Amino acid sequence: MRVATWNVNGLRARLDFVLAWLRERQPDVVGLQEIKLTDEIFPHDAFAEVGYRAATHGQKSWNGVAILARETPEVTQRGLPGHEGFGARLLAARVGELDFATVYVPNGKHLEHEDFARKLTWLEALAEQLEQGFHASRPGVICGDFNVCPSGLDSWNEAELGGAIFHTPQERQRFEALLSAGFSDLWRKLHPDRQAFSWWDYRGGAFHRKQGLRIDFLLGTPAARSALQAAEIDRGWRKKRDGLTPSDHAPVWADLA
DNA sequence: ATGTCGGAATTATTCCGA
């Protein structure tokens, strides 16, 4: 079974790009983030044509998450309880025997902004929510854009960015708490010393300058981790193709037995 | 170059968020 995560940065602008990726990679379950549209206009038909059912938690203009799967996802949670006012950022569903969730963690903007403190609180609430929705003995994956760079290895410039947004001890401690609760960073488990990024700013030629961050993750329960066979970041899909503009994030996928 | 995108508000230009 192939599971994947992708912040698409606007599904209307990215639909053809996403469909091409689905045809090539043939994932079984995908968590999308930043779909930037409402549930009413979600393109269910386009996904059905390539063999996917979708569950959605969207909103107008910003944020929004969705789950694509070969079989119909049965939604177990829409939104992070008590934090719905911070945007449509969490969707959990059962897909066959897999417990799955997609999250779009608040950006936080900068350390002095009120959104930074709200981001930390949101991450704490996420940890509580996951305790209820996932179990060590069941295969489960929580994926998404966490907007946290877990270690210096995950940043193109820890020397200068360490301590700045995405790189603070407060964010890292809260991400670490998710791992301590039993979730494994699946890509990192297979590539413990590799530096690779999943996001590059559109500005300044960051992609070609290799100025990126690894902030998109597939976190697996112990049962998922023990079934892990492969995990990759689809860096090639961060490039323009056939004249289509890419997202600023690359997809990340993992194969589970 | 604070250098690019997506989307909305408003009518091709400006803003906001990332």
Side-chain angles (χ1 to χ4, degrees), chain A residues 5-21 31-43 46-47 56-66 79-80 83-90 102-123 126 143-150 154-157 160-161 163-168 170-171 175 197-217 233-252:
Chain A
T5 184
W6 199 1
N7 179 323
V8 297
N9 187 28
L11 187 55
R12 279 171 288 187
R14 209 70 59 218
L15 184 59
D16 290 343
F17 209 101
V18 173
L19 293 172
W21 175 79
L32 301 178
Q33 304 88 36
E34 282 206 90
I35 59 175
K36 295 185 177 180
L37 46 74
T38 59
D39 295 342
E40 288 71 28
I41 62 168
F42 188 90
F47 288 116
T56 66
H57 181 45
Q59 69 176 83
K60 190 179 177 185
S61 309
W62 313 115
N63 310 311
V65 289
L80 185 59
H83 298 263
E84 291 88 348
F86 211 178
R89 298 176 178 277
L90 180 146
T102 174
V103 299
Y104 175 47
V105 175
N107 175 294
K109 297 188 173 68
H110 54 83
L111 274 61
E112 295 76 26
H113 197 283
E114 64 172 354
D115 281 6
F116 180 68
R118 294 180 73 192
K119 175 184 190 175
L120 299 178
T121 304
W122 197 94
L123 284 166
L126 175 65
C143 76
D145 172 1
F146 285 76
N147 276 325
V148 176
C149 190
D154 299 307
S155 175
W156 70 278
N157 191 357
E160 288 186 18
L161 297 177
I165 191 79
F166 296 12
H167 300 67
T168 67
Q170 298 101 306
E171 293 162 293
F175 183 79
F197 308 132
S198 64
W199 171 84
W200 298 259
D201 201 307
Y202 281 125
R203 296 167 290 190
F207 183 72
H208 293 290
R209 293 170 185 265
K210 305 186 189 308
Q211 299 177 345
L213 304 175
R214 193 174 72 93
I215 56 177
D216 298 272
F217 310 109
I233 300 173
D234 257 337
R235 185 179 179 282
W237 288 84
R238 174 60 177 76
K239 298 176 182 176
K240 184 170 282 205
R241 81 171 47 209
D242 301 331
L244 299 173
T245 303
S247 169
D248 46 355
H249 295 251
V252 183

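Naming convention: chains lettered A, B, ... in sequence-line order (proteins, then strands); numbering from 1 in each chain. Since the structure is predicted, the reported quantities are computational estimates derived from the model, not experimental observations.
Annotation: B:dG6 and B:dT11 have their P atoms spaced 23 Å apart (nearest Å). Across the C1' atoms, B:dC15 and B:dT10 are found 11 Å apart, a figure rounded to whole Å. Rounded to the nearest Å, the gap between the P atom of B:dA1 and that of B:dG17 is 27 Å. Between B:dA12 and B:dG7, the two C1' atoms lie 15 Å apart (nearest whole Å).
Paired with A:Phe146 under the rule ring-ring contact (aromatic ring centres under 6.0 Å, His included), one option of A:Tyr104, A:Phe175, A:Trp199 passes, and it is A:Phe175. Each of A:Gln170, A:Glu171, A:His113 was compared with A:Lys119 under the side-chain hydrogen bond (donor to acceptor under 3.5 Å, both in side chains) criterion, and only A:Glu171 meets it.
Residue A:Tyr104 is classed as a sugar-phosphate contact, given heavy-atom separations below 4.0 Å to backbone atoms only.
When each of A:Asp248 and A:Arg12 is assigned the nucleotide of DNA chain B bearing its nearest heavy atom, the one mapping closer to the 5' terminus is A:Arg12. Each of A:Gly10 and A:Gly204 lies near DNA chain B, and the nucleotide nearest A:Gly204 is the one positioned closer to the 5' end.
Contact annotation: the side chain of A:Thr102 never approaches that of A:His57 to less than 4.5 Å [non-hydrogen atoms, C-beta and beyond].
Other residues, nucleotides and ligands contribute more than 12 heavy atoms inside 6.0 Å of the NE2 atom of A:His110.
The outermost nucleotides of DNA chain B lying under 4.0 Å from heavy atoms of chain A, listed 5' to 3', are B:dG3 to B:dA18.
The backbone N or O of A:Glu160 lies less than 3.5 Å from a partner atom in the side chain of A:Asn157, making a donor-acceptor pair.
Under the ring pair (Phe, Tyr, Trp, His ring centres under 6.0 Å) criterion, A:Phe42 pairs with A:His44, A:Phe47, not counting sequence neighbours.
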